[in-house]
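Just follow the structure's listing: the first ligand is 1, and inside any ligand the first atom is 1.
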Amino acid sequence: MERISEITKACSAFLSFDSIDEYENIPNGHINVTDRVRINGRDYILQKINTTIFKDPVGLMSNISSVTEFLRGRIIASGGDPDRETLTLVKTHDGSFYHENENGFYRMYLFITDATCYNKAEKKGMFGESAKAFGRFQNLLAEFDAKTLSETIKDFHNTPVRFGNFVKAIDENKAGRKDEVKAEIDFFLARKDYCPTITSRLADGRLPTRVTHNDTKLNNVMIDDASGSGICVIDLDTVMPGSMLYDFGDSIRFGASSAAEDEKDLDRVYCVNELYEEYVSGFLSEMKDTITDEEIACLHDGAIMMTLECGMRFLTDYLEGDTYFRTHYAGQNLDRARTQIKLVSDMEARRDEFEAIIKKYI
Ligand code: GN1
Ligand code: MG
């Protein structure tokens, strides 16, 4: 089916119109398909959910509608603008938050105008602004009842479980690629004992469980074009109970890297200390009243763990034949795994330097 016909059909479940003015694919995410569509002179976001990955899309949409409703209430109470500071779902003609037809499972949001998502911090201060936005997001959700959230992807940041899946992928060797990536495999296998560092502390209560975002890439915050501040946290598919360290760590993994997630020249890949410091400063300025001593002590491990885990997931997917993360060329998942390995090595070797940065802000 032609894309425009597919998009028109999905949109007509939500809105009444004669024809779509324009549409543009937004290629940032690795999982769902996202388009900006202009209808009756107004912009919307249409997303087709990857239901192979999100196996309970109805539960997922119920999480998102309750989280965005809760945020809306908090934002109004504090005098903010809910239409710009949180996502707003558009309902279908029959009052539902999603539409399913023979082409897929769709949702629609109002498009937030005069704000931009970045894959790289283009200006000094931008990464720190994203830190404040993610910190605020977590604070706003501090009183949200975690029990009402369904787990949209089981064991999402359970690194030991991810390690188990990785070992299984090596054993099964589905895509026949195992022998060509021996060095990369060994890198992760050597870190088996490190994998439970966060999960074991969550399990015995040394670390608190909070409602977290769990996918805090820089491109999941919209930066206001006029003020440069992080105005709205997006991509709420993995909002679930988790650790603050996951959100800190995943931000560092992506945003403090000197290069793109799939950079081939590994000499260009390292963790930028100025960016790390910007993030620590912004995040702790928001979290200072709630962060515990144990969380502070493990903050740098959060950065290492999220990078290690993500690298292991990329390599797992490469071994399984690229069935999870969308790829744009052959070998992209291996390139992604290699950048994560380089970043983990760098963050391990420079632990003292990064922990000294954290100390400056507590
Ligand atoms: C995926 O789709 P996107 O880019 O927001 C993935 C994250 C990974 C990230 C790696 C549901 O996020 O966990 O960290 O790719 N999301 C899911 O770039 O698996
Ligand atoms: Mg995303």
message: Measuring from atom 4 (O) of ligand 1, which candidate in Arg253, Lys217, Gln340 has the nearest non-hydrogen atom?
response: Lys217

- prompt: Can you check whether Cys271's main-chain N or O pairs, donor with acceptor, with Arg350's side chain at less than 3.5 Å?
  reply: yes

- line: Heavy-atom proximity to atom 8 (C) of ligand 1, picking from Arg326, His157, Arg313, points to Arg313

message: Whether the Asp262 and Gln332 side chains hold a donor-acceptor pair (N or O, under 3.5 Å, no angle test) is what I'd like checked.
response: yes

- prompt: Which is it for Glu309 and ligand 1 at heavy atoms under 4.0 Å: side chain, backbone, both or neither?
  reply: neither

- request: Have a look at ligand 1 and work out which part of Glu261, if any, has a heavy atom under 4.0 Å from it: side chain, backbone, both or neither.
  value: side chain

Counterpart residues, salt bridge (charged side-chain N to carboxylate O under 4.0 Å, His left out), relative to Arg206 (two or more places apart): Asp204

- request: Record the part of Phe54 in heavy-atom contact with ligand 1 below 4.0 Å; permitted values are side chain, backbone, both and neither.
  value: side chain

query: After noting the C-alpha distance and the side-chain angles of Asp94 and Thr92, does the key distance pass the side-chain hydrogen bond (donor to acceptor under 3.5 Å, both in side chains) rule?
result: CA-CA 5 Å; Asp94 46 20; Thr92 60; 2.7 Å; yes

- prompt: Which ligand 1 atoms are under 4.0 Å away from a heavy-atom of Asp235?
  reply: 5 (O)

query: Between Phe134 and Tyr279, does a side chain to side chain contact (heavy atoms under 4.5 Å, CB included) hold up when you go through it step by step?
result: CA-CA 10 Å; Phe134 282 124; Tyr279 201 89; 3.5 Å; yes

message: Taking ring-ring contact (aromatic ring centres under 6.0 Å, His included) as the criterion, tell me which of Phe354, Tyr361, Phe127 meets it with Tyr276.
response: Phe354

message: One residue to check: Ile53. Relative to ligand 1, which of side chain, backbone, both or neither has a non-hydrogen atom less than 4.0 Å away?
response: neither

- request: Compute the shortest N/O to N/O distance between Asn28 and ligand 1 and return yes if it is under 3.5 Å, no if not.
  value: no

Which segment of Phe156 sits under 4.0 Å of ligand 1 when only heavy atoms are counted: side chain

- prompt: Using a heavy-atom cut-off of under 4.0 Å, does the side chain or the backbone of Asp215 touch ligand 1, or both, or neither?
  reply: side chain

- request: Please could you name the atoms of ligand 1 that Cys310 approaches to less than 4.0 Å, counting only its heavy atoms?
  value: 10 (C), 14 (O)

- request: Determine, using heavy atoms of Tyr324 and all atoms of ligand 1, whether some pair is separated by less than 4.0 Å.
  value: yes

query: Quick one: are the ring centres of Tyr98 and Phe105 less than 6.0 Å apart?
result: yes

task: Measure from the side-chain N and O atoms of His213 to the backbone N and O of Asp237, and report whether any donor-acceptor pair falls under 3.5 Å.
output: no

